[in-house]
Amino acid sequence: MDNKTCVDPCAVNNGGCTHVCNSLKDGGVKCTCPDKLTLGMDTYSCVNPCNINNGGCSHSCKNVSNGTVLCECPANLVLSDDMRSCVLPCSISNGGCNHYCLNTPNGKIRCACPRHLVLEMDNKTCVDPCAVNNGGCTHVCNSLKDGGVKCTCPDKLTLGMDTYSCVNPCSVNNGGCSHSCKNDNNGTVLCECPVKFLLNGDMLSCVLPCSIGHGGCSHSCLNTPDGKPKCTCPRNLVLRMDNATCVDPCVINNGGCSHVCSSLKDGGVNCSCPDNLTLGPDKYTCEEKPTDKTSVSCGCRLRLEVDGYKPGPVLYELPTLVYGIVNTWVKESDGTFYKVTEKYPKWNGAQRKRRAAYPTSIPMLHKCFDVYTKCSGDCKMLARLNIAANRLLTNVSSTNGFGKPVHKSLGQEMCDHANDLLPPPGKRIIAYYYPDPQCGAREMIANVLTYRLCCSKFSLKGIGHLTVWNKRCDEKIDLSELIIG
């Protein structure tokens with residue numbers, strides 16, 4: 001201060017420093033400060049660094065131990081890269097989010113994604129939802145537009161109740177089946193039942209067949225060991241062809257009756273006929289009565305040939321044929337009627353020619369058509385069937401001279417009617433037919449038979465003349481050799 005003595009610059013008023021003075025070689029000084037203080041702008045004063053322009057902080061300033069400052073921010077802000085400015089967290093590199101960044105009240109960011117993406121485990125990266133842990137699916141993951149996933153399963157597996165796991169459908173509550181569960185190829189279940197059960201309408205429960213719609217039966221239903229229902233009916237009803245519906249027996253094919261059917265209490269039927277018909281032997285079919293006005297007859301007789309084809313004596317009357325509405329009948333001499341096929345089983349198989357011989361003298365009746373078209377051929381066949389098998393040996397019923405019934409051969413019967421000597425070679429037998437008188441036709445030849453009739457006469461002492469049938473038409477024959485039926 002005396003301006004004469006040279007000293008260290010720090011010795012004079014501490015070099016102007018408020019705290020620590022450091023002398024320099026050039027005679028100057030460098031002031032320094034203790035911890036938590038910093039050199040002011042005048043380079044001499046030590047001050048709190050936060051007192052200088054708030055330490056450069058945009059918000060709070062904190063004086064640290066080495067005289068530097070630490071800027072601090074409110075809860076909803078973060079310190080910028082300049083370590084001075086407080087900013088919203090999303091303003092720094094988008095908060096680290098690769099899509100949307102949201103600022104929160106606590107100063108932390110929350111990353112968000114477009115609707116079809118989801119956040120990865122780092123909570124920053126948006127990815128396809130199936131990229132994160134396969135979307136939670138155990139097998140196939142399919143991403144949805146809303147950011148969700150739809151899990152699907154391979155064949156034979158189905159999605160579990162959690163909608164993520166693929167499981168065997170039969171492993172979950174037996175697939176809902178009451179009995180056996182079978183895994184189908186498409187992941188659905190097929191429930192199966194034991195033999196005597198059927199699958200119910202819910203396709204899950206096995207029940208007895210009669211419990212489903214009463215087995216389809218209209219009345220009683222019985223469960224059978226093979227699992228099929230068996231329908232039964234009350235005593236007065238019968239089962240239809242559908243094996244399910246019970247109906248009155250007359251409903252099915254009229255009970256088999258050709259005309260009127262009446263049902264019985266035991267489930268049977270009673271067939272009856274209109275007045276103009278009669279019930280046939282089978283008790284089902286109504287047949288016309290042969291004596292009905294709609295029938296026409298065809299007479300047939302065997303005559304002896306006289307002078308060519310002239311009709312000779314009647315040797316034998318064959319049964320009368322009666323043409324009904326449906327059947328051809330045979331009328332015996334005692335008035336009994338038989339179907340022609342009952343009397344002659346070979347009738348339908350016989351070959352015969354039929355010819356028409358319509359009279360021109362009277363108007364044609366519709367019912368006469370049969371007699372004119374059939375009578376000739378049928379008479380021929382009737383003659384054949386009566387004598388062909390046993391020739392003239394066939395036994396026939398007749399009467400003796402006293403009117404008593406006797407049985408004799410057809411040959412002897414013919415000789416008795418011929419009442420004449422017919423020496424060998426005898427005479428031919430001719431079959432004649434005569435239609436019903438109401439049809440207005442005369443007697444006509446049906447056929448000339450191949451059989452010849454030979455009759456021999458013998459004079460017996462005390463008896464008189466005896467006419468006998470000469471079976472073999474022998475010229476020399478003894479009475480004892482003849483066979484008289």
Side-chain angles (χ1 to χ4, degrees), residues 1 7-136 141 143-149 164:
M1 291 292 292
V7 293
D8 186 287
C10 288
V12 180
N13 196 27
N14 196 35
C17 298
T18 59
H19 286 75
V20 180
C21 178
N22 301 283
S23 57
L24 300 176
K25 290 181 178 182
D26 61 358
V29 297
K30 180 181 179 182
C31 299
T32 57
C33 301
D35 287 341
K36 294 190 177 183
L37 295 179
T38 186
L39 203 59
M41 294 188 64
D42 61 359
T43 69
Y44 292 97
S45 304
C46 287
V47 296
N48 186 331
C50 288
N51 292 337
I52 303 173
N53 195 27
N54 196 35
C57 298
S58 64
H59 287 74
S60 297
C61 179
K62 184 179 180 180
N63 186 6
V64 293
S65 60
N66 58 1
T68 59
V69 299
L70 176 66
C71 296
E72 294 179 339
C73 299
N76 65 328
L77 300 178
V78 294
L79 203 59
S80 180
D81 291 340
D82 63 2
M83 303 305 290
R84 294 286 185 268
S85 305
C86 289
V87 295
L88 290 169
C90 286
S91 64
I92 302 174
S93 299
N94 197 38
C97 303
N98 72 341
H99 281 78
Y100 306 131
C101 179
L102 302 176
N103 294 298
T104 62
N106 62 3
K108 295 181 180 179
I109 57 96
R110 184 165 67 85
C111 296
C113 299
R115 194 159 177 252
H116 65 286
L117 301 178
V118 295
L119 276 174
E120 230 182 13
M121 296 294 290
D122 63 1
N123 290 323
K124 294 183 180 293
T125 309
C126 293
V127 293
D128 186 286
C130 289
V132 181
N133 195 28
N134 197 38
C141 176
S143 56
L144 304 177
K145 290 181 179 180
D146 62 357
V149 296
Y164 291 96

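Bear in mind the structure is a predicted one, so any value in this text is a computation, not a measurement.
Remark: the backbone N or O of Gly95 is paired with a side-chain donor or acceptor of Lys124 at under 3.5 angstrom. Asn123 contributes no side-chain N or O that, together with a main-chain N or O of Arg110, makes up a donor-acceptor pair within less than 3.5 Å. Not one N or O on the side chain of Asp146 forms a donor-acceptor pair closer than 3.5 Å with the backbone of Arg115.
Of all heavy-atom pairs between Pro9 and Gly28, the closest is CG-O, 3.7 Å. The heavy-atom pair separating Asn94 from His99 by the smallest distance is ND2-O, 3.1 Å. For the residue pair His59 and Glu72, the shortest heavy atom distance occurs at CB-O, 3.6 Å.
Residues Tyr44 and Cys21 form no side-chain contact, since every pair of their non-hydrogen atoms from C-beta on lies 4.5 Å or further apart. The shortest side-chain heavy-atom distance between Leu119 and Cys126 falls under the 4.5 Å cut-off. The side-chain heavy atoms of Arg84 and Val69, taken from C-beta on, include a pair separated by under 4.5 Å. Contact of the Cys111 side chain with the Ile109 side chain is registered, since non-hydrogen atoms from C-beta on lie closer than 4.5 Å. By the 4.5 Å heavy-atom criterion applied to side chains, Val29 and Leu24 are not counted as neighbours. No side-chain heavy atom of Cys113 sits less than 4.5 Å from a side-chain heavy atom of Val118.
Among residues two or more places apart in sequence or in another chain, the side-chain contact (heavy atoms from CB on, under 4.5 Å) test is passed with Asn51 by Asn48. In this structure Asp122 satisfies the side-chain hydrogen bond (donor to acceptor under 3.5 Å, both in side chains) test together with Thr125, sequence neighbours excluded. The side-chain contact (heavy atoms from CB on, under 4.5 Å) test applied to Asn13 returns no partner, not counting sequence neighbours. The side-chain hydrogen bond (donor to acceptor under 3.5 Å, both in side chains) search around Ser60 returns none, not counting sequence neighbours. Residues passing the side-chain contact (heavy atoms from CB on, under 4.5 Å) test with Thr18 are Ser45, Cys46, sequence neighbours excluded. For Thr104, the side-chain hydrogen bond (donor to acceptor under 3.5 Å, both in side chains) criterion is met by Asn106, not counting sequence neighbours. In this view, Ser23 and Asp8 satisfy the side-chain hydrogen bond (donor to acceptor under 3.5 Å, both in side chains) rule, not counting sequence neighbours. Applying the side-chain contact (heavy atoms from CB on, under 4.5 Å) rule to Asn76 yields the partners Pro74; only residues at least two apart in sequence or on another chain are considered.
Under the side chain to side chain contact (heavy atoms under 4.5 Å, CB included) rule, Val87 has a single partner from Ser58, Ser80, Cys73, which is Ser80.
Atoms SG and CE, on Cys71 and Met83 in that order, are 8.0 Å from each other to the nearest 0.5 Å. To the nearest 0.5 Å, atom SG of residue Cys101 and atom CG of residue Leu88 are 9.5 Å apart.
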